[in-house]
Amino acid sequence: MTHDKKIMYLDALIVGAGFSGLYMLHLLRDKLNLNVTVIESASGVGGTWYWNRYPGARCDIASHEYSYTFSEELQQEWVWSEKYAAQPEILRYLEHVEERFNLHKNIQFNENVTSAVYDEQLNRWLIKTSRDNQFSAQFFIPASGTLSSASVPNIPGQNDFTGETYLTSRWPEGGVDLKGKRVGIIGTGATAIQAIPIIAKECEHLTVFQRTANYASPLQNEPMTKEYDNNIKANYSKLREAEWNSFAGMPFDLVRSSALADSDEERRAHFQHMWDKGSFGIWLGSYADILFDEQANKTAADFIRSKIHERVDNPKIAELLCPEQDQLYGIKRQPCETDYFETFNRQNVTLADLKSAPLKELTATSVKTTDNEYEVDVLIYATGFDAFTGSLFKMGITGQQGKTLKEYWSDGPRTYLGVTVSNFPNMFTITGPQSPSVLFNMPLAIEMHCNWIADCIQYMKKNNQVVIQAEPSYEEDWVTHTKEVADTTLFPKANSWYMGANIPGKPRVFLVYVAGGKIYQDIINDRAANNYEGFSFKTSAN
Ligand code: NA7
């Protein structure tokens with residue numbers, strides 16, 4: 001290691017100033033008195049909510065639930081304007097958190113981590129950045145997000161296209177004027193399903209390029225009322241308790257055990273009730289077996305298909321918008337929508353079905369499929385992310401024996417408890433692979449990890465330990481366990497980003513620990529209480 005005078009010595013370096021980086025910084029700096037720097041590639045805080053400024057970007061989890069729990073003052077003073085907050089409001093919330101907890105001074109913006117290498121002699125991480133800064137940190141904490149690395153397909157002729165091109169996850173600050181323009185959007189995932197209804201109202205004509213239809217259900221957003229807000233705030237601790245104890249960090253109290261136990265009428269009435277409740281009601285709150293049993297799953301799939309037919313005027317278009325009969329429900333991320341299906345009743349919207357006629361090429365002014373040519377002035381990619389591992393691999397993380405994380409995970413992620421990796425001492429991932437992560441309410445999943453990491457570092461300081469490392473056998477057991485749990489569900493059957501299936505060449509493994517947040521939290525807390533079972537430590541004397 002060169003002893004360049006530019007090297008800055010830290011206790012911990014955190015990557016990313018989204019929900020996780022901000023809270024991690026607050027805990028380590030303000031509770032543990034550590035010397036911490038956050039490196040953030042954007043010009044402001046917010047992470048996902050900084051970048052995803054596309055029209056219609058909104059959280060599908062209720063605002064009061066999708067927020068930090070750690071500060072009673074914060075949750076009492078912040079007032080949400082809608083039941084499900086839109087991106088600008090969530091970004092304002094995170095900016096408020098930054099200000100309120102004075103986090104700004106420890107964040108370096110407009111800077112990327114270009115390499116992070118563990119030095120086995122010094123037991124420290126050497127981190128280099130795009131601004132030629134170098135840091136030596138005892139702890140390296142990538143808080144870089146699970147859905148941060150955009151995935152854009154290679155389409156022949158892409159460089160020939162002379163119109164405007166946008167990525168939903170890199171939407172320009174200040175927006176894009178689509179008035180009078182012919183717009184094409186590729187993708188019909190959760191992002192596009194939010195964006196399409198808004199864009200259709202604004203532009204002259206919208207062509208939606210759909211490869212796979214999706215089971216979406218209504219969000220049922222509404223303005224926040226004072227009564228609703230007051231009522232939640234008077235009972236916030238109860239709501240939080242219910243969130244922490246629930247499967248996915250969102251309390252649903254009407255979950256019935258089996259869709260197959262109810263009569264057709266009862267089942268339809270229950271699905272209708274959850275449909276009217278909105279958000280993830282059907283997915284997570286209707287019947288406990290729909291994500292485990294194909295027959296049960298089919299009842300939910302059929303219900304949603306029938307709703308699509310009710311809402312779309314042209315039966316042929318309705319059929320194209322319905323997922324195919326063998327496509328299971330909810331094992332891809334369930335999108336929530338507002339007026340999505342009605343948008344296809346508009347005269348200025350065309351659905352291009354890429355299943356029957358795939359994308360062929362782009363020309364200077366058009367998108368060609370195998371059976372048609374669509375002239376567009378603007379092309380929008382809503383084509384998803386290299387989830388979980390994409391943002392980690394970009395940082396050039398290198399652990400013991402010079403092995404990169406990408407090499408170590410070449411057959412799929414290997415972690416212990418979804419928060420550490422055995423060959424990478426003193427590195428903690430936040431909501432990374434093999435933790436509940438995206439199948440739990442994210443701010444709570446984040447707090448769960450940050451609290452655990454801060455407690456672990458505190459334990460190390462107290463016991464004069466400088467290095468923590470997951471034991472390979474425990475890591476092996478965790479990898480096996482996460483797979484076994486996933487295999488009890490229907491999730492592995494999907495070609496989803498949960499499975500890495502949307503990225504060519506990515507190993508096909510289920511990336512989430514899906515036993516439920518409460519079970520997971522009990523496991524990681526038990527291991528900690530048991531003197532960090534499964535970890536080895538080095539004291540400063542070793
Ligand atoms: P998703 O859910 O990965 O959706 C991406 C969409 O883009 C999906 O409809 C894909 O079709 C489509 N896609 C991707 N590549 C292509 C190509 N080459 N040709 C045609 N269509 C393509 O990403 P989102 O951003 O919508 O959602 C990600 C998460 O962000 C979301 O779940 C929330 O948690 C927040 P496919 O289904 O692969 O056929």
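Positions are given from 1 along the sequence. Indexing begins at 1, ligand by ligand and atom by atom, following the structure's order.
- Residue F209 does not touch ligand 1, judged by heavy-atom distances below 4.0 Å.
- Taking a cut-off of under 4.0 Å to the non-hydrogen atoms of K332, the atoms of ligand 1 that pass are 37 (O).
- At the top of the distance list for atom 4 (O) of ligand 1, counting protein heavy atoms only, stands G189 CA, 3.5 Å.
- Nearest-heavy-atom check against atom 6 (C) of ligand 1 across S151, A382, C59 picks out A382.
- Q327 and K493 share no side-chain donor-acceptor pair at under 3.5 Å.
- With atom 18 (N) of ligand 1 as the reference point, the heavy atom nearest to it among C336, A213, P153 is part of P153.
- Contact annotation: the side chain of F491 approaches that of V514 to within less than 4.5 Å [non-hydrogen atoms, C-beta and beyond].
- Within the 4.5 Å cutoff, the side chain of K181 has no heavy atoms near those of the E202 side chain.
- Of the inter-residue distances, the one linking L444 atom CG with M250 atom CE reads 9.5 Å to the nearest 0.5 angstrom.
- Some N or O of A190 is nearer than 3.5 Å to an N or O of ligand 1, by distance alone.
- Around atom CD of E375, more than 12 heavy atoms belonging to other residues, nucleotides or ligands sit under 6.0 Å away.
- Protein heavy atom in closest approach to atom 3 (O) of ligand 1: W497 CD1, 3.4 Å.
- For atom 38 (O) of ligand 1, the closest heavy atom belonging to the protein is R211 NH2, 2.9 Å.
- Of the charged side-chain nitrogens involved, at least one lies within less than 4.0 Å of a carboxylate oxygen, so that E310 and K307 count as a salt-bridged pair.
- Using a non-hydrogen distance threshold of 4.0 Å, L147 registers as a contact of ligand 1.
- Residues R333 and D60 are paired through a salt bridge, judged by an N-O separation under 4.0 Å between the basic side chain and the carboxylate.
- Proximity annotation for atom 26 (O) of ligand 1: of V208, L354, I185, T191, T191 comes nearest, heavy atoms only.
- Protein heavy atom nearest atom 9 (O) of ligand 1, with residue, atom name and distance: T188 N, 2.8 Å.
- For Q210, the closest heavy-atom approach to ligand 1 does not fall below 4.0 Å.
- With hydrogens left out, the protein atom closest to atom 21 (N) of ligand 1 is I186 CG2, 3.7 Å, a heavy atom.
- Ranking the protein heavy atoms by distance from atom 12 (C) of ligand 1 puts G187 CA, 3.6 Å first.
- For atom 39 (O) of ligand 1, the closest heavy atom belonging to the protein is T212 OG1, 2.4 Å.
- Using a 4.0 Å cut-off between charged nitrogen and carboxylate oxygen, E82 and R58 count as a salt-bridge pair.
- Contact of the Y340 side chain with the T188 side chain is registered, since non-hydrogen atoms from C-beta on lie closer than 4.5 Å.
- Looking only at atom types and distance, the side chain of T389 has a donor-acceptor partner in the side chain of K506 under 3.5 Å away.
- Closest to atom 23 (O) of ligand 1, if we only count protein heavy atoms, is G384 CA, 3.2 Å.
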